[in-house]
2 protein chains.
Amino acid sequence: MGIDRKKLIVEAATKSFSQFGYKATTIDQVAKIANVGKGTIYTFFKNKEELFDEIISSLIKELKVTADEAFLGDLPFHEKLHQALYQILEFRMSHQLSIKLFQEAREIGTPAVVDVINRMENNILRNIEERVSKAIETGSIQSCDPKVTAVVMLKLYIALIFDWEKNNPPLEKDEIAKLFEQYIFKGLAK
Amino acid sequence: MGIDRKKLIVEAATKSFSQFGYKATTIDQVAKIANVGKGTIYTFFKNKEELFDEIISSLIKELKVTADEAFLGDLPFHEKLHQALYQILEFRMSHQLSIKLFQEAREIGTPAVVDVINRMENNILRNIEERVSKAIETGSIQSCDPKVTAVVMLKLYIALIFDWEKNNPPLEKDEIAKLFEQYIFKGLAK
DNA sequence: AAATGACCAAATGAACATTTCAGTCAATTT
DNA sequence: AAATTGACTGAAATGTTCATTTGGTCATTT
């Protein structure tokens, strides 16, 4: 068999989206990087957005794998959850494509990119929600609404990492773990 | 004495900023509404931004009064805090000038408006931080970093009100109070 | 001394010209 | 005949020009 053109296209597009973002990536550009005629791209993908969506689906899968790894050991639930949330936000900060997309959503607001970021966030939330549900069932934590809890936990992490850093020196990973435990698990009440 | 022109100007500007936002408000417009010559405005304010800042200072004071009222009764600390945070976000959602400014910051990103919103948020944070500090001193809550705690609490409220509403039916005020207590004060640990 | 509005330079945006780009399809290659 | 290609197209983005608007000043009026 010949070369896998679809793979070449996806790789080229990933490279270009990572470097220039979604809007600034042209199909001609992708075709050139992939060493493929422009028309070939349209034999595999209906349009630019579908190509983008396929790449994002991979990204989401990768992200899920990363998060799931955090739940493998036999640490207490709150530590596993900390690990998972931290990895998710770490991913967002270190993965080139991720960085570029958040930047594009913030600075330009490209609709397709905003949509995709919401899709990612919803996936994360559903994942956390499921973990919380299981933890309630197994009695690891108190009963609570898993959906609300997932939103609260993710936003707490975003607050501790991104919002805090806007005006203050960043917190260390273990500081964040301690704060997470203190606020959400132990509580501030005496 | 004649009419208080400064007051007329401030009232006119407040009206116009509330209706059209900062950028879309012209000094000519303000002068006209205030029934005052344009030059008169510049005898009281160095420029458009200073006029804006003075109005925002009032807004911040008003907001502080609203928040402080929540701490008057003799409810438990977490209930007072809930009341204060809720009032602050309620204010943001019902006060016309506030609404318009958040909209302008989001949709246009006018620098002067973004600055002003940060100023408001910092004021809120400092206020909460102080209340938390006092609560620690008086032994109402466990020891914790008041600054981090203030950020966490405010962001938790924003999550429960604004972020939650993006994908779900809004939570009632007393539901929010219960969630706040459950997550931050009691904790999820068993 | 306080208030004013005509005036100016800079910013804005409407109108038009040009370029870019996503997507198509007839021709070419395998 | 199936897969691949790149020249082509209309629509949308971008660049350009220029008249209008606007923040701020200051000589004149009150």
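So you know, we letter chains A, B, ... as the sequences are listed, proteins then strands, and number each from 1.
By the ring pair (Phe, Tyr, Trp, His ring centres under 6.0 Å) test, F102(A) is found to be paired with no residue, residues two or more places apart in sequence or in another chain being considered. Partners of K186(B) under the side-chain contact (heavy atoms from CB on, under 4.5 Å) rule, at least two apart in sequence or in another chain, are E181(B). Residues meeting the side-chain contact (heavy atoms from CB on, under 4.5 Å) test with R106(A), sequence neighbours left out: Q103(A). The side-chain contact (heavy atoms from CB on, under 4.5 Å) test applied to K15(A) returns no partner, not counting sequence neighbours. K7(A) pairs by the side-chain contact (heavy atoms from CB on, under 4.5 Å) definition with D4(A), E11(A), not counting sequence neighbours.
To the nearest angstrom, P of dA1(C) lies 15 Å from CZ of F44(B). Straight-line distance from the CZ atom of F45(B) to the P atom of dT25(D): 15 Å, rounded to whole Å. Atoms CD (E50(B)) and C1' (dG23(D)) sit 14 Å apart, rounded to a whole Å. In this structure, I41(A) atom CD1 and dT5(D) atom P are separated by 10 Å, rounded to whole Å. dA3(D) atom P lies 14 Å from atom NZ of K6(A), rounded to whole Å. Following rounding to the nearest Å, F20(B) (CZ) and dT22(D) (C1') show an atom-to-atom distance of 16 Å. For the pair Q29(A) CD and dG6(D) P, the interatomic distance rounds to 16 Å; values are reported in whole Å.
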Counting primed atoms plus P, OP1 and OP2 as sugar-phosphate and everything else as base, spell out the protein contacts along nucleotides 21-28 of chain C at 4.0 Å heavy-atom distance: B, S or - for each nucleotide, 5' to 3'. SBBB----
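Contact annotation: R5(A) side-chain N/O to dA3(D) OP1/OP2 distance is not under 4.0 Å.
The nearest pair of heavy atoms linking A12(B) to I33(B) is CB-CG2, 3.6 Å.
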